[in-house]
Amino acid sequence: MSTNLKNPEKTPHILILGMGGTIAGLAPSPEKPLEYKAGQVGVGSLISHIQSAIPEGLSLVSEQVANINSRNLSDDLLSLLGETVRKSLLDPSVHGIVITHGTDTIEETGIFLQLTCGQLSHELGKRVILTGAMLPSNAPDADGPSNLLDAIKWASTPIDDCPGGIYAVMDGRACMAIDLAKRHTTALNAPLQSSPSSSAGLINPSWLFGVKAVQAAWIEDLPIPTGNEWPWVEILTSHAGARSETVAHWMDIEVKGIVLAGSGIGGFHDSWQAPLAQAVAKGVALVRTSRTGSGSTFLNIPEKDLPGCLASGSLTAPRARIALQLSLNAEKQAKKMGKPLTWQDFFARIVVLPVIK
Ligand code: SIN
């Protein structure tokens with residue numbers, strides 16, 4: 001751990017966890033900002049660049065959890081991040097947490113942290129803020145420094161009555177981390193596209209109402225899987241010309257779950273009907289989502305669902321995949337304790353979380 005404090009375990013501070021991403025990226029020269037490599041600069045160095053703007057009296061401690069391009073995010077790293085966040089939330093000297101992260105898979109990390117640490121952060125009244133950048137750290141107009149500063153302020157300042165929880169801040173706006181979804185390749189606000197959010201520092205009352213509704217509904221965190229407990233779940237996208245062999249292939253290598261990114265309201269190609277029925281009969285967990293990018297997927301629409309199959313509600317395919325992995329693991333852990341709960345019981349709790357409008 002790198003720190004600017006003599007006794008970090010005693011002095012109240014904001015913990016900055018580095019995961020890598022473009023915010024920690026370096027371009028070969030400032031004129032070629034798109035030819036950068038993500039995850040090159042240490043989180044301590046990112047903080048040192050904004051040191052003069054950090055509010056007086058605010059102490060920061062940094063820890064490098066990883067330094068990767070987030071397209072390479074792994075189950076193991078999610079577990080490590082989740083355990084680090086949980087342990088840090090329970091540390092009385094940590095008043096808030098900022099995570100610098102690549103934006104490509106920040107959507108997955110957002111829902112993972114909400115489902116595994118959301119209740120704990122709310123109960124303890126501490127904010128965990130994900131942030132990132134779309135331009136590398138040495139680009140002339142790098143957006144990382146202002147995003148990091150905004151995130152630190154969000155993590156540290158009493159903002160109206162904004163409760164503890166898992167949030168994201170970028171491009172001067174904030175949202176719940178569960179609402180993150182990168183829907184643009186280059187726009188500075190790309191990961192916040194899907195969410196009606198709030199300007200950093202200026203809370204929109206209807207957004208805050210929605211945040212509180214989500215937090216009231218999320219009353220129990222799910223267990224964090226250890227490395228080999230993560231179930232293998234794949235996303236299959238239905239498309240023109242889809243073939244039955246695609247589903248059959250995944251059955252041969254025994255995936256535990258399939259998330260279907262269906263067309264329209266979550267339908268899939270007729271050629272998948274028979275192999276999917278076989279997969280479900282074999283005990284593979286099946287969740288239907290839509291590839292459209294917005295709106296909800298409902299049960300038994302457009303056709304009657306296979307028995308045991310669930311619809312994803314407003315969850316996108318990447319979010320539904322993490323939710324299904326955590327639900328399958330929660331079922332396994334519940335069984336060990338003699339509780340007759342299924343992955344559907346856990347997944348259903350996630351799907352009904354209120355959508356912030
Ligand atoms: C990454 O996700 O690590 C690279 C892209 C980004 O951070 O915007």
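Keep in mind that what you see is a predicted model, and the values were worked out from it rather than measured. Counting starts at 1 for both ligands and their atoms, in listed order.
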**Message:** Using every non-hydrogen atom in the two residues, find where Leu135 and Asp141 come nearest and quote the distance to one decimal.
**Reply:** CD1-O, 3.6 Å

**Asked** For ligand 1, is His101 a contact, meaning one of its heavy atoms is under 4.0 Å away?
**Response** no

**Request:** Return the residue, atom name and 0.1 Å-rounded distance of the protein heavy atom closest to atom 3 (O) of ligand 1.
**Result:** Ser70 N, 2.6 Å

**Request:** Identify, for atom 8 (O) of ligand 1, the protein heavy atom at the shortest distance, and state residue, atom and that distance.
**Result:** Thr103 OG1, 2.4 Å

**Request:** Have a look at ligand 1 and work out which part of Ala190, if any, has a heavy atom under 4.0 Å from it: side chain, backbone, both or neither.
**Result:** neither

**Message:** Tell me the contacting part of Lys37 for ligand 1: side chain, backbone, both, or neither, using a 4.0 Å heavy-atom threshold, strictly below.
**Reply:** neither

Does [atom1] belonging to [X] count more than 12 external heavy atoms closer than 6.0 Å?
X: Lys282; atom1: NZ; answer: yes
X: Asn300; atom1: CG; answer: yes
X: Leu306; atom1: CG; answer: yes

N/O to N/O below 3.5 Å, does that happen between [X] and ligand 1?
X: Ile23; result: no
X: Thr105; result: no
X: Tyr36; result: no
X: Asp104; result: yes

I need the atoms of ligand 1 closer than 4.0 Å to a non-hydrogen atom of [X], numbered in the order shown.
X: Ala133; answer: 6 (C), 7 (O), 8 (O)
X: Lys182; answer: 8 (O)
X: Thr22; answer: 4 (C), 5 (C), 6 (C), 7 (O), 8 (O)

**Asked** Do Thr157 and Trp154 have side-chain heavy atoms sitting under 4.5 Å apart?
**Response** no

**Message:** With rounding to the nearest 0.5 angstrom, report the CD1 to OG distance, Ile54 to Ser48.
**Reply:** 9.0 Å

**Complete:** Rounding to 0.5 Å, atoms CD1 (Ile68) and CD (Gln40) come to a distance of 12.0 Å

**Request:** Compute whether any side-chain donor of one residue and acceptor of the other, for Gln333 and Asn329, lie under 3.5 angstrom apart.
**Result:** yes

